[in-house]
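To find a chain, count down the sequence lines: A is the first, B the second, and so on, and within it residues start at 1.
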Amino acid sequence: MLKRPIRLDMNEDPFLPPANVIAAARKGLSRLNRYADAEDLAQLRRLLADYAGVDDRRVVLGPGSEILLREMIHAFAGKRKVVMLSPSFLPVVEVARETAASWTGLRLSPPGFELQPDILLAETQGPCLVIIDSPNNPTGHLMLERQTVRALVENEEALLVIDEAYEEFARMHGADEEAPDNSFIDLVEDYANLAVTRTLDKAFGLAGARVGYAAIGEAFRSVFASFYPLLPQPSLGAALEALEHPAYVEQHVSRLIEERERLRQALQEAEARVYASHANFLLVRSRAPDMAARLRDEGVLVSDVSNQLPPGFIRVSVGTRRENDAFLAAYGRIMEDVH
Amino acid sequence: MKKTIGLIVNPVAGMGGSVGVKGTDGEMHQRALELGAKPVTPKRTRDTLSHLTCQDSITFLAAPDQMGAAYLEEIDVPVTVIGAIGEETSAQDTKQIAQAMVDEDVDLLIFVGGDGTARDIHDAVGTSLPVVGVPAGVKVFSAAFALSARAAAEMVDAFVAGSTLTEEDVLDIDEEAFREDVLSSKLYGTLLVPEVRSFLQPAKAASNVSVPSEQVKQDIARFVVEKMEPATLYLLGPGTTVRAITDEMGVSKTLLGVDAVQGAALVGEDVNEQAILRLFETYDDRKIVVTPIGGNGFIFGRGSKQFTPTVIRAVGRENVMIVGTRDKVTQLDCLRVDTGDRTLDETLAGYMKVTVGYREGMMVKVRC
């Protein structure tokens, strides 16, 4: 059998969820001939609402948060200007560009990758659909402040969707630090034109189950009126079990943050430019413009973000300690060759 | 059917890097040698050849010895040698052999060198022949180059497999100024290169169907032309993205210069500052259309004989339109201005909108 490459390219959790979650997924297989039960789906919405601190009537489910974002884009972008970050989660950028009446990317420039609130607010006057991922993928930066979000949604013609796929990593970012504005999901109760998407793919370690959700304001209600997310039985079983016993999430996230910071320091020592992250990945700039391809030759997959950023940028998901060490060793070998 | 591919290596390119000499134009090559500079091109050339997956589909022609043939001979690849060289090679050798390759009807020319080599290749072949540039200069700014030796090999593979072609910039970097840490670059011309983006993509590609650059330039042009106001004077800067606008209008364009249009008519061809200021006597409503040059993002560079500080001030920041393909813009850290007038540069700094497609724009930071 061929040796499998080390996958640090998809921002997955490198750790399996606990045995009870896997057992619940397996139990779902015994119902493979049936669609998901309506009561189970309602229970999942209630658990997610509790977890996120919102009313369960605001929660919609989907097979991955990307699908929910696509639904919103297809519903609203055709007659509106779409405003997004650049770089951002590329599949969503592409569908927005193809669908939108007009598209504006707010360029995040190295080294700070900052989003200037005045530029954001100036570009979001009138009818528009604004999609912002915070923490941003691939920079890992938090992009918004509460007052900016409020100012934006005060424009009732604007629809704002905040993608919080990596929210847990920002929230658990060290108790001593001043808490940044890592989530805006509570504001959904106040603003009809705000929606927040999230996922169990990342911090819950359920990428293979693909369970996404959104908390939506009233203006988004019509989009999902005829949207029946009949999740696969194993996914539904795993998600219910994970949310009933979510203590493991904090353990996974803490381990990954610790490992992320170790990786960051090691990369800095290897003279890479590496940026502070609030997610389970690091954005790295090296002097090798084809670093991703070279790493692939070494058996390590990282995300080649050269289609969104200048040459030399890669996005590295935080893996297990062994995987990260293998990446660092390969990175070191390549840089020796580049010298 | 086999493709005939030529190889020309500039043996002295890049030698200044290790000894702190920026560029090896003119006498600086000798200076670099005195400082113990090591050749860069052998490794880059070997890397490129070793990453080619389509060698069996290629018939090679090459410049003699260390200008090309030696690298193919050492890996036992049959090669026909073109031209003759002396002990020391020169830009003239590059130009003559490139021209001879055109006469031999090569399908593609691989060259290894820096911005100076790219200019020599441009002088010899223009856009009559697709080329692949392997970067081996001290600093390689021209967008016509592949990003690396490996990327160059991918471009050759893409060409053999039938990729589309696109025009990319060759820059004229003033090495004297560069040694003083002033980046004074302007567009020298363009080369025709295979478009790899539409052919090779990593696992999570930009999209399933990548749109060729030339199509994107047409989309940008269509959008700009639709928005044009009939009474306004448009000063169209250098570059192929701006040329697409005049193509859309059906008027001719000076690739390296500035042309003026109003309505659907050309009212000034290859105009300099004086000619532009005379046009301003007639037209009160004015706009400048520019594209960032090469890989460094300059929209207004020092030494421009057309878009001088006087001209830019008379047009106004709000009337500067920037165009560029999304691929090009995303490769930049930011946009840059260096007009030589610090006060004006500070006025231009901040965020400006770049039209990157039909009804598509990006707000990009301008630094000075």
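Heavy-atom pairs under 4.5 Å with chain B peak, among A:Pro110, A:Ala292, A:Gly312, at A:Pro110. With respect to chain B, the highest number of heavy-atom pairs below 4.5 Å among A:Leu108, A:Val95, A:Asp297 belongs to A:Asp297. Contact count versus chain B (heavy atoms, under 4.5 Å) is highest, among A:Ala100, A:Pro310, A:Ser109, for A:Pro310. Between chain B and the residues A:Ala288, A:Pro111, A:Ala101, the largest count of heavy-atom pairs under 4.5 Å involves A:Ala101.
Contacts between A:Leu106 and chain B at a heavy-atom distance below 4.5 Å involve backbone atoms as well as side-chain atoms. Looking at A:Val93, the atoms closer than 4.5 Å to chain B (heavy atoms on both sides) all sit in the side chain, from C-beta outward. Neither the backbone nor the side chain of A:Asp118 comes within contact range of chain B; no heavy atoms are under 4.5 Å apart.
The two residues A:Gly319 and A:Asn324 come nearest to each other via the heavy atoms N-OD1, 2.8 Å.
Under the 4.0 Å criterion applied to side-chain N and carboxylate O atoms, B:Glu214 and B:Lys217 are assigned as salt-bridge partners. By the 4.0 Å N-to-carboxylate-O rule, B:Lys365 lies close enough to A:Glu114 to be salt-bridged with it. Ion pairing between a basic and an acidic side chain is recognised when a charged N comes within 4.0 Å of a carboxylate O; A:Arg107 and B:Asp333 show no such pairing.
A centroid separation of less than 6.0 Å is found between the aromatic rings of B:Phe111 and B:Phe145.
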Mind running side chain to side chain contact (heavy atoms under 4.5 Å, CB included) on A:Val300 and A:Tyr331 for me, showing each step along the way?
CA-CA 9 Å; A:Val300 181; A:Tyr331 187 91; over 6 Å; no
